[in-house]
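Heads up, the thing below is written out as structure tokens.
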Amino acid sequence: MNLLLTLLFESLHRKENRMNKQQLKELLSQLTLDEKIGMIHGCTLFKSKAVTRLGIPSLVTSDGPMGVRNEFQEHAWFPLGNTDDFTLYLPCNSALAATFNKELAYEAGTVLGDEARGRGKDMILAPGINIHRDPRCGRNFEYMSEDPYLISEICVPFIKGIQTNDVSACVKHFAFNNQETRRMDVDTYVDERAIWEIYFPGFYAAIKKAGCKSIMGAYNQFRGQYCCHNEYLIQEVLRNEWGFDGVVVSDWGGVHDTLEAAKNGLDLEMSVTDDYDDYYMANPLKKAIEDHLVDASLIDEKVLHILNVMNELNMLDGDRKSGTFNSISNMQKIQSVSDESIILLKNDNGALPLNPKKGEKILVIGDNANRVHANGGGSGEIKALYEISPLLGIKMLLGGNYEVAYEPGYYTRVVGNVWGREVSENWQATSLDQSLDLAIKQNKVLPDDVIDHLNKEYLERALSACDDADHVIYIGGLNHDYDVEAQDKDSLKLPYGQDRIIEKLLEKRRDMIIVMIGGSPIDMSSWEPSVNGILFHYYNGLLSGTSLANVLFGKVNPSGKLPTTFPRSLDDVPSKIYGEYPGDDSVTYHEGILVGYRHYDYNNIQPLYPFGHGLSYTEFDYSNLKIVDNTFANNDILCSVHLDVTNIGASFGKEVVQLYVGAKDSTVLRPRQELKGFEKIALTPGEKQSITFELNKMDFSYYDTETKSYQVDACTYQILIGSSSRSIHLEATFDNTKSYTIERSSY
Ligand code: BGC
């Protein structure tokens with residue numbers, strides 16, 4: 001209690017020290033035009049200018065979603081190379097979403113915020129929440145899901161957690177940044193329903209529900225105008241409708257026009273080059289003001305947004321949290337996330353967990369067993385304090401009484417990782433013209449015939465090592481040569497000929513366990529039916545290998561769920577079927593609202609693994625579904641849904657109870673079902689827990705393009721309860737007798 005009182009006192013006291021609106025305006029009035037201009041564009045690659053005479057510091061930003069990036073030289077995109085910027089590597093955003101655990105999302109946010117503050121940052125450029133529109137997008141791993149509800153439920157606590165540390169989150173990239181091919185220019189066209197039902201809700205939740213203090217514009221265009229100064233996106237929607245008064249930051253090099261940037265709500269222009277005075281919001285803006293093309297009051301608005309956020313972060317009064325980084329408690333929190341984000345895709349005949357006897361030989365095959373991933377992927381890269389690889393994690397868990405042997409199985413030289421690149425290469429700048437691909441090709445990779453020879457040899461060695469192994473685990477998948485910024489994949493197939501290698505190994509060892517690591521769905525169709533045990537996880541933070549070993553050997557019962565559908569093949573993907581991806585100079589999202597599971601359900605396409613899928617070593621029983629109509633109460637909650645879940649297996653486990661809503665007999669196209677609730681529960685064997693979901697009007701709504709509002713029809717709704725979108729255990733209907741209209745920015 002005493003601690004609580006102290007915290008309360010501290011937080012009240014801290015607030016008292018902040019400036020009020022009037023004081024902020026007075027501060028603004030003391031600034032010269034040059035000082036104001038200095039505050040609204042970069043003066044180094046990651047910060048804006050301070051006004052020291054008035055006690056206004058620089059605003060210091062840093063990437064990114066998986067931890068605080070290493071330090072760069074101030075004016076060139078080259079790492080400083082000192083030893084003081086090793087940091088904790090967090091599971092990527094898709095991994096976080098795969099936990100389906102809102103409390104953990106908050107904890108992960110507190111870690112990222114603490115680390116950012118500890119490293120002296122004011123704004124952390126995270127989270128990334130663009131929709132997984134197509135599994136080929138190179139940056140999907142930096143984003144959360146194909147489903148806007150899951151994104152909202154995970155990003156809100158994550159952002160809140162970050163911001164408890166006097167650091168601003170910066171949610172990105174607003175909006176429609178769903179591909180990397182021609183990311184700097186591609187012009188996107190998305191219909192109104194898809195905008196308001198699929199692409200906006202995550203951003204709306206970040207701004208309105210989490211109070212995110214900053215948002216980053218996307219590189220691409222939307223309806224013919226660049227997103228960083230898009231009148232519709234920033235002025236009409238973000239500022240006017242959502243009332244956002246935080247800081248709008250450009251993506252680095254995403255500004256293309258001074259007048260538009262001035263007028264359409266951008267506050268801070270950042271870029272990748274050191275010609276700061278020539279930035280659109282630097283000298284050219286000053287000139288535009290002097291020429292009376294831009295009203296000086298627009299600059300005041302921008303500066304006020306920045307001052308406002310600085311004030312909220314306690315940057316102006318000096319009474320500010322100092323943060324810590326690399327703390328043991330932060331490592332422990334990260335491990336809770338990585339333990340819960342691993343997904344058990346298949347477990348026929350109880351293939352997992354493995355239970356080796358003392359002295360047995362465990363053979364581990366595959367490049368990802370022996371690879372760390374933190375240092376790749378583009379701006380999400382981390383100079384990790386450490387990263388436990390799967391091989392290390394397995395050895396650390398098993399100790400000295402077992403033999404762990406390793407065979408790579410195939411040859412790979414990963415060049416997408418920072419430490420594998422030439423030091424002189426300005427990756428950030430070259431990535432802007434899609435040249436990473438070229439950089440990879442130009443890198444001195446071995447000639448094809450040598451690689452073929454090595455591959456043959458590696459496979460033969462792996463096959464013969466299988467002979468006397470008691471257990472065989474294959475750990476392969478993708479890496480950051482494939483899941484990487486500025487580049488999309490052209491297929492969902494495994495690289496390095498892995499399909500054939502796995503097939504060959506399976507001929508010998510039908511009992512081989514397969515672990516796939518990657519940042520996006522993988523087409524496993526050629527070998528998946530022949531395997532009993534398959535695990536998948538995303539790039540999973542510094543204790544990735546520890547968590548994987550925990551799951552493989554049963555120390556942790558897996559509880560991750562797929563935040564995105566794994567299709568059987570690329571040919572089933574909606575953006576491929578309806579076109580267009582990656583399209584041409586412009587891309588129309590012809591699939592509309594039928595993104596991810598909405599498409600697979602609607603068109604009766606069987607995915608390889610459905611959205612929300614993930615097995616456990618124990619079993620759960622779902623019972624006693626009851627729907628209680630609440631419409632008489634005349635409030636936002638239309639009904640509550642009650643049910644019981646019992647652990648009927650033999651081990652402790654966590655389950656994600658998922659609730660989907662489907663409208664029956666609707667007059668407009670509706671997805672068969674949409675996720676509208678989930679709860680992660682922990683149960684010991686035999687334990688039962690009652691769960692209640694409250695469904696509000698928005699949970700039944702669709703976006704009506706005529707009235708430009710969300711609409712709830714009076715009709716019958718199906719309430720589906722399951723352990724995945726395709727494993728529905730309980731079902732009931734809810735007859736809603738009234739229709740409702742919900743203003744689109746008031747829910
Ligand atoms: C990326 C952003 C990143 C920024 C700064 C850009 O290339 O798109 O997500 O935050 O660089 O590194």
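When a ligand or atom number is given, it counts from 1 through the structure's own listing order.
Ligand-side atoms of ligand 1 in range of R69: 12 (O), range being under 4.0 angstrom from any heavy atom. Near H173, with a cut-off below 4.0 Å to any heavy atom, the atoms of ligand 1 are 2 (C), 8 (O), 9 (O). In the vicinity of L125, heavy-atom distances shorter than 4.0 Å reach the ligand 1 atoms 10 (O). Atoms of ligand 1 lying under 4.0 Å from at least one heavy atom of R183, given by number and element, are 7 (O), 8 (O). Residue-ligand proximity, S379 to ligand 1, at heavy-atom distances under 4.0 Å covers atoms 1 (C), 2 (C), 3 (C), 9 (O), 12 (O). Taking every non-hydrogen atom of Y219 and a distance limit under 4.0 Å, the qualifying atoms of ligand 1 come out as 6 (C), 7 (O), 8 (O). Heavy-atom proximity to K172, at under 4.0 Å, picks out these atoms of ligand 1: 2 (C), 3 (C), 9 (O), 10 (O).
At a threshold of 4.5 Å between non-hydrogen side-chain atoms, the residues D267 and I40 do not count as touching.
Inspection of the D488 and T181 side chains reveals an N or O donor paired with an N or O acceptor under 3.5 Å.
A salt bridge is defined here as a Lys NZ or Arg NE, NH1 or NH2 lying under 4.0 Å from an Asp or Glu carboxylate O, and E71 with K121 meets this definition.
Taking the six-membered ring for Trp and thresholds of 30 and 60 degrees, F174 and W242 have ring planes inclined between 30 and 60 degrees apart.
Annotation: cation-pi geometry not satisfied between R136 and Y581 (NZ/CZ under 6.0 angstrom from ring centroid, within 45° of ring axis).
Residues satisfying the salt bridge (charged side-chain N to carboxylate O under 4.0 Å, His left out) criterion with D85, sequence neighbours excluded, are K383. Here D490 pairs with nothing under the side-chain contact (heavy atoms from CB on, under 4.5 Å) rule; sequence neighbours left out.
Taking 4.0 Å as the cut-off, E142 does not count as a neighbour of ligand 1 on heavy-atom distance. Residue M270 places every heavy atom at 4.0 Å or more from ligand 1.
Considering backbone and side-chain N/O of W252, none are found under 3.5 Å from N/O of ligand 1.
Counting only non-hydrogen atoms, the option in V272, D251, D63 that gets closest to atom 12 (O) of ligand 1 is D63.
Interatomic distance, CG of D134 versus CG of N178, reported as 9.5 Å (0.5 Å rounding).
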